[in-house]
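Read through the structure below, which is laid out as structure tokens, and then see the notes.
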Amino acid sequence: MLDPRLFRTDLDEVKKQLDRRSYAFDATAYETLETRRKAVQINTQELQNEKNKSAKNIGQAKAKGEDIQPLLDQVQHLGEQLKQAETELADIQNEMTALMEAIPNFLDEVVPVGKDEQDNVEISKWGKTPEFTFEPKDHVDLGEKIGLDFEVAAKIASARFAVLKGPLARMQRAIIQLMLDMHSAEHGYSETYVPFLVNADSLYGTGQLPKFEADLFKASEDPALYLIPTAEVPVTNIVRDVIVEAKDMPLKFVCHTPCFRSEAGAYGRDVRGMIRQHQFEKVELVQIVTAEQSALAHEELTNHAENILKKLNLPYRKVLLCAGDTGFSSSKTYDLEVWLPGQGKYREISSCSNFKDFQARRMQARWRNPETGKPELVHTVNGSGLAAGRTLIAVMENYQDEQGRIHIPEALKPYMGGIEIIG
RNA sequence: GGAGAGGUGACUGAGUGGCCGAAAGUACCGGUUUUGAAAACCGGCGACGGGUUAAACCGUCCCAGGGUUCGAAUCCCUGCCUCUCCGCCA
């Protein structure tokens with residue numbers, strides 16, 4: 001949610017900013033609504049004031065033992081009028097909220113113009129892409145013989161699920177362990193365990209609702225609970241409706257969870273393999289910081305995710321998403337793309353975003369600034385550190401040999417119980 | 001699942017229809033004192049919104065949503081949550 005005050009004071013700036021997103025903002029409709037809001041709100045508050053005064057008068061008159069009937073007659077019609085005004089105001093405010101919550105975040109000034117992923121800008125590249133003396137296979141072909149089974153997953157559940165068996169399943173766990181250990185021990189994040197089902201308020205707070213309900217799995221109707229699409233939702237909502245003390249800032253959380261996505265609208269995309277699944281494992285990094293800290297925190301958090309790729313010696317590149325590819329709630333996003341020899345392409349393995357105060361405003365997540373003594377909205381920054389399923393794929397494809405075996409990366413060996421090669 | 005108790009400001013906690021946006025204490029901020037700190041003492045200290053150049057001023061909020069009333073933290077209904085006991089259970 002954007003700052004409604006900015007809409008009242010500098011609508012031109014709002015238009016300019018949203019234009020960068022190619023978001024068609026109807027300023028006239030907004031202004032009409034805002035004018036009505038103001039008039040109705042002032043009127044309502046005046047009536048409320050009248051009510052309060054008269055009630056006080058009646059109370060005092062009664063205390064003195066005076067006849068209050070004349071006073072009661074005077075306020076007879078007030079109730080009805082007030083009720084009407086309050087209803088109208090509530091309607092307008094609901095309309096206003098609906099309008100505001102559908103508007104995406106402003107983009108950071110450095111975000112490049114562009115329509116889709118074609119226009120993203122490469123920031124850096126790391127690692128040497130492995131050269132094979134044979135034709136490298138993709139993870140599906142590699143996985144067939146060593147325990148990656150899509151058919152049995154489809155039987156158990158449906159398409160877009162995977163079953164992992166034996167050492168391959170263990171390697172995914174090893175990857176998760178490595179990430180949690182590095183982020184907590186070396187990068188200063190506090191390991192966190194959270195519910196995998198969340199309520200609508202939490203999803204609203206991070207921006208998935210109301211606009212993107214179709215992307216979610218709803219697990220229960222009463223109470224309304226959804227499977228989490230990312231740990232970002234439960235973890236960030238830790239600070240919903242909270243005023244964090246200055247001494248506790250910044251807050252840094254690392255959290256491993258499964259993630260569940262309906263992938264509605266992704267028909268035909270990445271149908272092969274376990275790139276795009278209804279369920280996948282991810283380690284998420286979340287930072288709750290002050291406004292001054294967020295730009296730097298975003299860079300650092302991205303570096304923390306990069307360190308995992310470096311530790312695993314997986315070639316990757318870092319791209320800055322263009323305007324058209326930057327998500328609804330984000331103001332600036334880096335994607336980390338890992339090299340997949342089987343596809344001969346870089347593929348997204350992490351997405352690190354600075355949401356600034358957009359989520360915080362929805363969540364009423366604040367901290368107390370000791371300089372002013374007043375609560376201020378926090379900034380939220382998060383990123384995958386990393387998507388474990390895709391990391392597994394990347395390890396498989398980058399560490400394969402001619403026989404289709406997978407050599408365990410050094411960094412994972414401590415977690416593999418002596419296994420050095422799979423296959 | 002059964003029975004009971006309860007949800008008040010950053011925290012503890014008083015408040016059963018008007019004098020309550022709310023006692024008191026803690027924490028916090030400022031001051032006095034002190035070489036400094038602590039203690040003591042004095043003063044300040046909720047959030048959100050409207051309004052204003054800025055103020056004044058006004059409104060809303062005592063878990064949430066409804067209701068009763070001229071008037072609700074206080075009474076009624078529904079929901080959510082927490083705690084205690086019993087049952088069941090990883």
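Labels below follow one simple rule: chain letters A, B, ... track the order of the sequence lines, proteins then strands, and each chain is numbered from 1.
- Base pairing of B/rG49: its partner is B/rC58, meeting the Watson-Crick or G-U wobble criterion (both donor-acceptor distances under 3.5 Å).
- Taking a 4.0 Å limit (strictly below) on heavy-atom distances, residues 84-103 of chain A does not reach RNA chain B anywhere.
- Heavy-atom distances under 4.0 Å link RNA chain B to A/Arg37, A/Lys38, A/Gln41, A/Ile42, A/Gln45, A/Gln48, A/Asn49, A/Asn52 of residues 36-52 of chain A, given in residue order.
- Comparing the same atom, C1', in B/rU34 and in B/rA40 gives a spacing of 12 Å after rounding to whole Å.
- Side chains of A/Gln48 and A/Glu86: a donor-acceptor N/O pair is present below 3.5 angstrom, by distance only.
- A 3.5 Å limit on both hydrogen-bonding distances identifies B/rG2 as the Watson-Crick or G-U partner of B/rC85.
- In this structure, A/Asp241 places its CG atom 12 Å from P of B/rC48, rounding to the nearest Å.
- Summarising the geometry, the separation between CG on A/Asp248 and C1' on B/rA27 is reported as 14 Å, rounded to the nearest angstrom.
- Contact check of residues 55-62 of chain A against RNA chain B (heavy atom, cut-off under 4.0 Å) returns A/Ala55, A/Ile58, A/Gly59, A/Lys62.
- Heavy atoms of other residues, nucleotides or ligands lying less than 6.0 angstrom from CD of A/Glu109 number 12 at most.
- With both pairing distances under 3.5 Å, B/rA64 is matched to B/rU78 as a Watson-Crick or G-U wobble pair.
- B/rA37 and B/rC29 are spaced 13 Å apart, taking the P atom of each and rounding to whole Å.
- At a threshold of 4.5 Å between non-hydrogen side-chain atoms, the residues A/Ile103 and A/Phe7 count as touching.
- B/rU52 and B/rA64 have their P atoms separated by 30 Å, given to the nearest Å.
- Here A/His407 and A/Tyr399 keep their ring centres 6.0 angstrom or further from each other.
- In this structure, B/rG71 forms no base pair with any nucleotide, since neither Watson-Crick nor G-U wobble geometry is met with both distances under 3.5 Å.
- The CG atom of A/Leu377 sits 14 Å away from the P atom of B/rA47 (whole-angstrom rounding).
- Under the Watson-Crick or G-U wobble criterion, with both distances below 3.5 Å, B/rA40 is paired with B/rU32.
- Nearest-nucleotide assignment on RNA chain B puts the 5′-proximal partner with A/Lys53, out of A/Lys53 and A/Lys83.
- Comment: A/Lys318 engages A/Glu306 in a salt bridge, judged by a side-chain N to carboxylate O separation of less than 4.0 angstrom.
- B/rG71 sits 15 Å from B/rG21 when the P atoms are compared, rounded to a whole Å.
- The salt bridge (charged side-chain N to carboxylate O under 4.0 Å, His left out) check on A/Arg170 picks up nothing, with sequence neighbours excluded.
- For A/Asp357, the salt bridge (charged side-chain N to carboxylate O under 4.0 Å, His left out) criterion is met by A/Arg361, not counting sequence neighbours.
- The distance between the ring centers of A/Phe196 and A/Phe260 does not fall below 6.0 angstrom.
- With both pairing distances under 3.5 Å, B/rA22 is matched to nothing as a Watson-Crick or G-U wobble pair.
- Rounded to whole Å, the distance from CD on A/Glu245 to C1' on B/rC28 is 8 Å.
- For B/rA47, the OP1/OP2 oxygens have no side-chain nitrogen or oxygen of A/Arg366 closer than 4.0 Å.
- Side chains of A/Ser329 and A/Asn105: no donor on one and acceptor on the other come within 3.5 Å.
- Between A/Arg272 and A/Gln343 the shortest side-chain heavy-atom distance does not fall below 4.5 Å.
- Annotation: side chain of A/Leu340 is not in contact with side chain of A/Asp138 (no heavy-atom distance under 4.5 Å).
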Polar atom pairs between nucleotides 76-78 of chain B and protein, under 3.5 Å, N or O only, would you list them?
none

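- Nucleotides B/rG7 and B/rA55 place their P atoms 38 Å apart, quoted to the nearest Å.
- With P as the reference atom, B/rA24 and B/rG4 are 37 Å apart, rounded to whole Å.
- A/Arg240 places its CZ atom 21 Å from the P atom of B/rA47, with the value rounded to the nearest Å.
- Ring geometry for A/Phe217 against A/His278 counts as perpendicular: the plane angle is over 60°, on a 0 to 90° scale with 30° as the lower cut.
- Look at the P atom in both B/rA47 and B/rA39: the space between them is 25 Å, to the nearest Å.
- Ring geometry for A/His187 against A/His183 counts as tilted: the plane angle lies between 30° and 60°, on a 0 to 90° scale.
- Taking atom CD on A/Glu34 and atom C1' on B/rG49, their separation rounds to 12 Å, with Å as the unit.
- The distance from atom CD of A/Gln364 to atom P of B/rU60 is 20 Å, rounded to the nearest whole Å.
- Looking at heavy atoms from C-beta onward, A/Lys155 lies out of side-chain contact with A/Glu151 at the 4.5 angstrom threshold.
- In this structure, the side chain of A/Arg261 does not engage the main chain of A/Phe280 through any donor-acceptor pair within 3.5 Å.
- B/rA27 and B/rG44 are spaced 14 Å apart, taking the C1' atom of each and rounding to whole Å.
- Contact check for A/Ile275 versus A/Ile393: side-chain heavy atoms found under the 4.5 Å cut-off.
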